[in-house]
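See structure below.
Below, read A as the first sequence line, B as the second, and so on, with proteins coming before strands; counting in each chain starts at 1.
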Amino acid sequence: MSETTPAAEAAAPHRYTAALAADIESRWQDFWDANQTFAAPNPTGDLAGDGELARPKKFIMDMFPYPSGAGLHVGHPLGYIATDVFARFQRMTGHNVLHTLGFDAFGLPAEQYAVQTGTHPRVSTEANMENMRRQLRRLGLGHDTRRSFATIDPDYYKWTQWIFLQIFNSWYDEQADRARPIGELVEQFEKGERDTPDGRPWAELTPVERDAVLGEYRLAYASESPVNWCPGLGTVLANEEVTADGRSERGNFPVFKAKLRQWMMRITAYADRLLSDLDALDWPEAIKLQQRNWIGRSEGAKVGFAVEGHPGDPITVFTTRPDTLFGATYMVLAPEHPLVDTVVPAAWPEGTKDAWTGGAATPAEAVAEYRRQAQAKSDVERQTEGKNKTGVFSGAYAVNPLTGTRIPVFVADYVLMGYGTGAIMAVPGQDERDWEFATVFDLPVVRTVRPPEGWEGEAYTGQGPAINSANDEIDLNGLEVADAKRKVIAYLEQRGIGEGTINYRLRDWLFSRQRYWGEPFPIVYDEDGVAHALPESMLPLELPEVEDYSPRTFEPDDADTEPETPLSRNAEWVHVELDLGDGRGVRPYRRETNTMPNWAGSCWYELRYLDPHNDRKLVDPEIERYWMGPREGQPHGGVDLYVGGAEHAVLHLLYARFWSKVLFDLGHVSSVEPFHKLFNQGMIQAYVYRDGRGFPVPAAEVEERDGGYWYGGEQVKRELGKMGKSLKNAVTPDEIAAEYGADTLRLYEMAMGPLDVSRPWDTRAVVGQYRLLQRLWRNVVDETTGEVTVTGSEPDEDTLRALHKAIDGVRQDLEGLRFNTAIAKITELNNHLTKAGGPVPRSVAEPLVLLIAPLAPHIAEELWRRLGHDGSLAHEDLPVADPAYVVDETVTCVVQIKGKIKARLEVPPTISDADLEAQALADPAVVAALDGAGVRKVIVRAPKLVNIVPA
RNA sequence: GCGGCCGUUGCUGAAUGGUAUAAGCGAGGGUUUUAGGUGCCCUUGGGAGAAAUCCCAUGUGGGUUCGAGUCCCACCGGCCGCACCA
């Protein structure tokens, strides 16, 4: 497209062409490298600068990329270009800017590739990183390369393991509302300040017993609990990695509930702080909302229901509607609830309905059969069977504590063991699910909230006065829901039946995976099976070389299987003799063979950017305070700008926040939150063209004509989708850079629209930004001679105003990440200069070059150099607008009558309201339009608008 | 089902409650060129008119306001998140 023929070259040998752009770009990229232009000095340590750090800091980050083997398409660098533009802008407005990029390099794809090809994951991963570095370098990103690293570097994962041990060796002190070292808890047990579970003195507990007690407190703990087991992947998954329809997010395999011993992180201890600290963060509301929903705080009450014949074993339920307690007509236990075994009687009680028994001879058989069915169902099946309520009567009766009524206890899988207490009181009158269940099993309904007049629905979940809610001691009737809740909770607490409480949807984070390509746990087990932390001196614990990288996988549908880790097959590595330095001497140990999940490495990488070579400390406290510490407007501290996709709304962002808080509690960092300002960039979409069979055809070869799209003589259908190789519509940054240069690509991506909105890629439109750069070039350099054409003359008034308006607008737009409108304003200024013709005054050309520098840095550097400056403009000051020229000499004032424009006046911008009103009323067009009607009111917004309201 | 976001031109998109449609693409015309392409210049929401100018238009229908693309309500369409969470 942009190829120049010999003739054109002869006519304009110094035109800005793709070839010239390529030359300029590679020269400046080399210059920046050689001069370490983007090295950001630290206050101390090996990256400290020469002098004091006088400039304010900006820490700008992109979300950690995974080095994919497929290479980048033009959608990938969108965020990297945006942060680079912003970082360059900040650098030119007096900031010490830290911006770099590392790699989140552990992960499933490299491992799967290794399984297929036998290539070590490190080899393929490093090759991929090399390729990605090359692609990104071509874009001219101004990164501090000294600070780059990958999570697979042992130097890095040493500290990932170290943080794990910090978490393992701490507990959450509810009183102090913070994490504390586990040693302080042991001390409390030793001194008798805290009772052991069975009341025996600490000294009398065996090591195994002590380990079990501490396991209940540790923030990282191994537990035998229901987890998401995915046989198809051969690994267990975190709740966040399982989709709503019960399949693995990666690979889309069925996921089953299985009880397995796994490492967990007690993130639930931080639920409240993760929720409340969101308020002071500068994040998109949508993301805050997603986190709030995921944490799922709900206020309610715990209420104990006595079970007939089992005075010592009340069923405790959690309810958000304690006001409806009078309407609880039955109860439900989750199939996994431990009390199910306890309460089931030997025989069906008198009067048991046939429908309740599931056709079994005894309650025990009925419950066993129901549990078997529930367990064999994958979550998919539970979902697809939808809202059809199933369940079985347990044979037991409980007593409603307010009405004294006997109510049957059911077992049903619509109650989940993982939420609340795993047991509910069922109030069909006020809960749709309970209503459905009550209908299926023919259970009574008592309404305790009066539905509105004419209510024809079933369960009524809205507001209204309480009814049917009184006994000898308490009367809720007539109270609105909130008042009734308060009153009943007070009563329950006073009677010792229940208490007000807060519940969270958030569960503890499943932290182990049965994979090879991840961080090994720095944990060994002794002969009693007690877990011990490796001492810091033994870190990093490096991944051993293995023959076989894959975990054992199974038939995806075979729930009755158990994980087998790749590391467990490596006996020499697993079984070791070590002196842990705990005074017990050299002993045999067995290593933990799980590895950490992919999220571990990205939970703290922002800290490593600060002090990337530190091998003595996680991060130097002075350096951490300088870049991350709390300050005016950022009460929790954190990164100044964090840009990435919205898909990490809960997973990565929640985990990273959690680790930050633990590290803060333990005194390792001064920031409570990792990311102060979060910005989600939109996706670059692309058209997908499909033939008659629905298969994608190469998008680049589709022709548009007669209002349709054609590929090889066949009409094809167009739809908007993702960009990717499989859809045959990928466009790479390499090909666009080759065609037009990297500066054009950068400008185009930034000009396409607002950064946070998704929009389709249109290769045809790229040329618009190329033309902008060509005109810019031509405004400074003569295309024929290559001479710089700027003059020393003074610009005219119009040009000065155009310049200063552009400066003013561009500064504001860049500050607000509105790159598209910043480019539009630069384009307007440049078009103004082009249209004016003739040589451009130096006093206009130089600020223009500086203005575009953050967006198109290579051409700006080159023009700056040709304009006679030494070195790079990366640290020059961005021009500041002169307010005198930001306003026009005269402005057009519109005169409206009832909001309709009737006249326009040219007035000075400083005109007073009174003068403007007088002029407007005197205008002939206005007089004519008023046609003698009186004036009721005049609204004057000098100098732009007058609105007259006739009588 | 619940919650959130968004509907402006042929397309991507501008517009602190105050002149709707900036900038780019595409399209049409002109110019340079032997020619194509590139570059440069002009036009480009709809309707009426010779023109000045006027009328209509921001998914649909209401409302608030001197004035609404912008705020409120309902509906239609699209995107995203959650989903038996007691």
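For Glu647(A), the CD atom sits in a packed shell: over 12 heavy atoms of surrounding residues, nucleotides or ligands are nearer than 6.0 Å.
Between Arg505(A) and rA83(B) there is a side-chain polar atom (N or O) within less than 4.0 angstrom of OP1 or OP2. In this structure, Arg771(A) reaches the rG39(B) phosphate: one of its side-chain N or O atoms is under 4.0 Å from OP1 or OP2. Taking 4.0 angstrom as the limit, Arg778(A) places a side-chain polar atom (N or O) nearer than this to OP1 or OP2 of rC40(B). Applying the 4.0 Å criterion to OP1 and OP2 of rC40(B), one finds that Arg775(A) has a side-chain N or O inside that range. Regarding contacts with the backbone of rG39(B), a side-chain N or O of Gln774(A) is found under 4.0 angstrom from either OP1 or OP2. Residue Asn820(A) has no polar side-chain atom (N or O) positioned under 4.0 Å from OP1 or OP2 of rA22(B).
Using N1 to N3 plus N6-O4 or O6-N4 for Watson-Crick, or N1-O2 and O6-N3 for G-U wobble, each under 3.5 Å, rA27(B) pairs with rU43(B). Under the Watson-Crick or G-U wobble criterion, with both distances below 3.5 Å, rC5(B) is paired with rG78(B). Nucleotide rA48(B) forms a Watson-Crick or G-U wobble pair with rU53(B), both donor-acceptor distances falling under 3.5 Å. Nucleotide rA86(B) has no partner under the Watson-Crick or G-U criteria, as no pair reaches both atom distances under 3.5 Å. Summarising the base pairing, rU70(B) is matched to no nucleotide, lacking a Watson-Crick or G-U wobble pair whose two defining distances lie under 3.5 Å.
Within the nucleic acid shown, Ser758(A) comes within 4.0 Å of sugar-phosphate atoms alone, with no base atom in reach, counting heavy atoms only. Here Thr892(A) lies in heavy-atom contact (under 4.0 Å) with a base. When heavy atoms are screened at a 4.0 angstrom cut-off, Ile901(A) is found touching the sugar-phosphate backbone but no base atom. Asn831(A) comes within 4.0 angstrom of the backbone, heavy atoms only, and of no base. Residue Leu945(A) is in base contact, counting any heavy-atom pair closer than 4.0 Å across all strands shown. Contact annotation for Gln896(A): base contact, defined as any heavy-atom pair under 4.0 Å involving a base atom.
rG39(B) and rC25(B) are spaced 9 Å apart, taking the P atom of each and rounding to whole Å. One C1' atom belongs to rA68(B), the other to rC73(B), and the distance between them is 15 Å to the nearest Å. Straight-line distance between the C1' atoms of rA27(B) and rU9(B): roughly 13 Å, to the nearest whole Å. rG59(B) and rG69(B) have their P atoms separated by 10 Å, given to the nearest Å. For the P atoms, the distance linking rC72(B) with rG24(B) amounts to 34 Å, nearest Å. Between rC2(B) and rC55(B), the two P atoms lie 45 Å apart (nearest whole Å). Comparing the P positions of rG63(B) and rU58(B) gives a spacing of 16 Å, expressed to the nearest Å. Annotation: rA83(B) and rC75(B) have their P atoms spaced 26 Å apart (nearest Å).
The nearest whole Å value for the distance from the CG atom in Asp413(A) to the C1' atom in rC84(B) is 9 Å. Atom C1' of nucleotide rG13(B) and atom CZ of Arg759(A) are separated by 10 Å, given to the nearest angstrom. Rounded to an integer number of Å, the gap from CD of Glu432(A) to P of rA83(B) is 18 Å. Atoms NE2 (His832(A)) and P (rA22(B)) sit 19 Å apart, rounded to a whole Å. Summarising the geometry, the separation between OH on Tyr748(A) and C1' on rG24(B) is reported as 9 Å, rounded to the nearest angstrom. The distance between atom NZ of Lys900(A) and atom P of rC55(B), rounded to the nearest whole Å, is 7 Å. As a whole-Å value, the separation of Gln291(A) CD from rG4(B) C1' is 15 Å. When rounded to the nearest whole Å, the span between CD of Glu458(A) and P of rG1(B) equals 15 Å.
Between the side chain of Arg941(A) and the main chain of Ile939(A), no donor-acceptor pair closer than 3.5 Å is present.
Closest non-hydrogen pair, Val488(A) versus Asp323(A), comes out as CG1-N, 3.9 Å. Among all heavy-atom pairs drawn from Ile315(A) and Ala423(A), the shortest one is CG2-CB, 3.7 Å. Here the shortest heavy-atom pairing between Ala21(A) and Gly741(A) reads CB-CA, 4.1 Å.
Distance from the side chain of Thr827(A) is smallest to rA23(B) among rA86(B), rA23(B), rG39(B). Of the candidate nucleotides rG26(B), rC41(B), rA86(B), rC41(B) has the atom nearest to the side chain of Thr834(A). Set against rG81(B), rG4(B), rG26(B), the side chain of Arg764(A) has rG26(B) as its closest nucleotide. Looking at the side chain of Val949(A), the nearest of the listed nucleotides rA20(B), rG4(B), rC66(B) is rC66(B). Distances from the side chain of Tyr414(A) to the nucleotides rC84(B), rU38(B), rU12(B) place rC84(B) closest. Candidate nucleotides rA86(B), rC66(B), rC25(B) were compared by shortest atom distance to the side chain of Asn947(A), and rC66(B) ranks first. Side-chain proximity of Gln769(A) to rC42(B), rA86(B), rG24(B): nearest is rG24(B). Nearest to the side-chain atoms of Lys937(A) among the listed nucleotides rG13(B), rA86(B), rC66(B) stands rC66(B).
Projected onto RNA chain B by closest heavy-atom contact, Met417(A) and Lys825(A) fall at different nucleotides, the more 5' of which corresponds to Lys825(A). Looking at which nucleotide of RNA chain B each of Asp762(A) and Ala824(A) is closest to, the 5′-most match is held by Ala824(A).
Between Tyr748(A) and Tyr740(A), the distance separating the two ring centers is not shorter than 6.0 angstrom.
In this structure the side chain of Leu855(A) never reaches within 4.5 angstrom of the side chain of Arg746(A), judged on heavy atoms. Inter-residue side-chain proximity for Tyr687(A) and Val702(A) is flagged as unmet; no heavy-atom pair is nearer than 4.5 Å. Here the side chains of Gln919(A) and Ile911(A) are in contact, with some heavy-atom distance below 4.5 Å.
Interface remark: the Arg941(A) side chain does form a donor-acceptor pair with the rG18(B) base, using a distance-only criterion of under 3.5 Å. Under 3.5 Å, the side chain of Lys389(A) and the base of rC84(B) form at least one donor-acceptor pair of N or O atoms.
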